[in-house]
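Before any comments, here is the structure.
Remember, it's a predicted structure, so these values are computed and weren't measured experimentally. Letters A, B, ... mirror the listed sequences (proteins, then strands); counts begin at 1.
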2 protein chains.
Amino acid sequence: MPEPDIHLVDDDASTGDACRFLLEGYGYGVTYWSAGTDFLAGATLEAAGCVILDLRMPRMDGTAVHAALRERRSPLGVVILTAHGDVPTAVEQMKQGAADFLQKPVNGTRLIAAVDTALARSRSAWEVRILAQRATTLSERERHVARLVRDGLTNRAIAERLHVAVRTVEVHRAAAMRKMGAHSSAELAALWQRVAD
Amino acid sequence: MPEPDIHLVDDDASTGDACRFLLEGYGYGVTYWSAGTDFLAGATLEAAGCVILDLRMPRMDGTAVHAALRERRSPLGVVILTAHGDVPTAVEQMKQGAADFLQKPVNGTRLIAAVDTALARSRSAWEVRILAQRATTLSERERHVARLVRDGLTNRAIAERLHVAVRTVEVHRAAAMRKMGAHSSAELAALWQRVAD
DNA sequence: CCCGGATATGTGGAAAACCACAATACCGGC
DNA sequence: GCCGGTATTGTGGTTTTCCACATATCCGGG
């Protein structure tokens, strides 16, 4: 993986350096961005990883960057840093999926724990994102069959429900498996469960 | 379902009444408890539903009640109310799974939205809890086979990996299906994916 | 000792999954 | 018109799933 594990977005370079020093001491690779716009324009948002966002930044604040990541369905895990946080903002960011919301001065142990949580979540989100993308390649019919396979119905039962021949169900099922990268119905069921229609 | 949808735990009866009035206006059944200890001792914690907890209470505060619910793996969704909240507490409660953390005086629309979110999550958590309980009835061997089924391996491949006969794998798989309430391998795979080893 | 649960295995057979090869029809894009 | 995708269906055959019936061993609890 050529991308670094951690992105650090903070207009204050001294805070940025302190955090980078701490994280690099733990073996993480860190890329520093002084503005959210630069980060969004320059980073690979489709990769798994973690981004530490400072809440208050001049041109684009941390909540706006976080919102942009969500809009683009980026799997990057988010940790918010702030010198002056208020409860509604903290709660909202957590509800939007931030792994943590830390106040400055930052406690090193907490920051590392938050980053680890964000990275773990990001790995899982990355996998689910891949699966979700594959799911978009399925036709409506194939999706319906995949759903019923997930629910444990036999081809015959599915055929009766959809008023088609068993062979037709087999064809749709095979196509769904191929597109999702599954090698058996059981695997398709598990993958579909993961995507969660 | 004999249990009410919503539990309201607040030592201040006037706030309690206001919230109850609002919620009952939306058709929710509400049970009021003036203390966390009463709620924990008297409510059915294994049911799906929502509990609105006031943060500051004399004998047992809202965070302690929430912690008790988590320790007992209750599927009840949690909404925290507080007159004086601080950022670290808010963030911690959200990390512990609270659906929302609202400051008093409570905005009715927000409260209803929070309750709806908590209820939806609770339903799903209830289902997963049932599955997790069933999973505890599986032997180690059965669990291992279920995991490999979830990964899409054939009985033959599993047998080779475990150095046993195919027939043995079938027996374990059948037992796992029976205990999990699945009627096919595909269904077992999906259910196991949901429990997530 | 008996019983239940866990683990292991064999035999024989039905049901289900999986699919190559083949065909038809419709739609949209080049 | 040709091509690719979607939807539908048939034939014939192999592989896999599922399981009744049966057997054996070990362990713990009543």
Side-chain angles (χ1 to χ4, degrees), chain A residues 73 129-197, chain B residues 73 129-197:
Chain A
R73 300 181 187 281
R129 185 171 185 274
I130 297 290
L131 291 176
Q133 280 181 335
R134 287 186 195 158
T136 62
T137 68
L138 270 62
S139 70
E140 192 52 53
R141 205 68 169 168
E142 285 155 9
R143 273 202 286 280
H144 196 178
V145 168
R147 197 176 301 134
L148 297 175
V149 167
R150 188 276 314 277
D151 293 338
L153 276 69
T154 58
N155 290 340
R156 183 195 190 139
I158 295 174
E160 284 171 7
R161 179 171 301 194
L162 302 186
H163 304 298
V164 293
V166 173
R167 183 76 192 94
T168 302
V169 173
E170 289 175 357
V171 170
H172 292 318
R173 176 188 287 222
M177 279 162 55
R178 196 191 77 237
K179 293 175 181 180
M180 295 299 289
H183 300 94
S184 69
S185 292
E187 194 177 355
L188 175 65
L191 292 181
W192 202 260
Q193 177 61 50
R194 200 152 178 210
V195 175
D197 341 84
Chain B
R73 301 179 184 280
R129 186 170 182 271
I130 297 289
L131 290 177
Q133 280 182 335
R134 288 187 195 159
T136 64
T137 68
L138 271 62
S139 70
E140 191 54 49
R141 205 69 167 166
E142 287 156 8
R143 271 201 289 278
H144 195 179
V145 169
R147 195 176 302 134
L148 297 176
V149 168
R150 188 276 315 281
D151 292 338
L153 276 71
T154 59
N155 290 342
R156 185 208 194 121
I158 295 173
E160 284 169 6
R161 179 174 300 197
L162 303 186
H163 303 298
V164 293
V166 173
R167 186 73 191 94
T168 300
V169 172
E170 289 173 359
V171 170
H172 292 316
R173 176 189 287 224
M177 280 162 52
R178 198 191 75 236
K179 294 176 181 180
M180 294 300 289
H183 300 93
S184 70
S185 292
E187 195 178 353
L188 176 65
L191 293 181
W192 202 260
Q193 176 61 51
R194 202 152 174 209
V195 174
D197 343 80

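Distance CZ (Arg178(A)) to C1' (dG5(D)): 10 Å, rounded to an integer number of Å. For the pair Arg156(B) CZ and dT14(D) P, the computed distance is 16 Å after rounding to whole Å. Rounded to whole Å, the distance from CG on Asn155(A) to P on dT15(D) is 19 Å. As a whole-Å value, the separation of Leu148(A) CG from dA17(C) P is 13 Å. In this entry the distance linking NE2 of His183(B) with P of dA16(C) reads 14 Å, nearest Å. Summarising the geometry, the separation between CZ on Arg173(A) and P on dT17(D) is reported as 13 Å, rounded to the nearest angstrom. dA8(C) atom P lies 12 Å from atom CD of Glu140(B), rounded to whole Å. Put simply, CD on Glu170(B) is 12 Å from P on dA20(D), counting in whole angstrom units.
Considering only side-chain atoms of His172(A), the nucleotide from dA17(C), dA7(D), dT9(C) that sits closest is dA7(D). With distances taken from any side-chain atom of Arg167(B) to the nucleotides dT8(D), dG10(D), dC19(D), the minimum falls on dC19(D). The side chain of Ala174(A) lies closest to dC19(C), out of dT6(D), dC19(C), dC18(D). Of the listed nucleotides (dT9(D), dA7(D), dA8(C)), dA7(D) has the atom at the smallest distance from the side chain of Glu142(A). Ranking dT9(C), dA6(C), dC18(D) by closeness to the Met177(B) side chain, first place goes to dC18(D).
The side-chain heavy atoms of Trp192(A) and Leu138(A), taken from C-beta on, include a pair separated by under 4.5 Å. When side chains are defined from C-beta on, Arg141(B) does not count as touching Thr168(B), because their heavy atoms never get closer than 4.5 Å. Between Arg73(A) and Arg129(A), some side-chain heavy-atom pair lies under the 4.5 Å cut-off.
Between dT9(C) and Thr168(B), a contact under 4.0 Å exists linking OP1 or OP2 to a side-chain N or O. Using a 4.0 Å cut-off, no side-chain N or O of Lys179(A) falls inside it from OP1 or OP2 of dG5(D). Using a 4.0 Å cut-off, some side-chain N or O of Ser139(B) falls inside it from OP1 or OP2 of dT7(C).
Judged purely by atom type and a 3.5 angstrom limit, Glu142(A) uses its side chain to pair as donor or acceptor with the backbone of Ser139(A).
Across all strands, Arg141(A) comes closer than 4.0 Å only to sugar-phosphate atoms, never to a base (heavy-atom distances). Across all strands shown, Ser185(B) has heavy atoms under 4.0 Å from sugar-phosphate atoms exclusively, and none from any base. Residue Val171(A) is in base contact, counting any heavy-atom pair closer than 4.0 Å across all strands shown.
Judged by closest nucleotide on DNA chain C, Thr137(B) is the one of Thr137(B) and His163(B) placed further toward the 5' end.
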Handout entry: salt bridge (Lys or Arg N to Asp or Glu O under 4.0 Å) assessment of Arg173(B) paired with Glu170(B)
Key = CA-CA 5 Å; Arg173(B) 176 189 287 224; Glu170(B) 289 173 359; over 6 Å; no
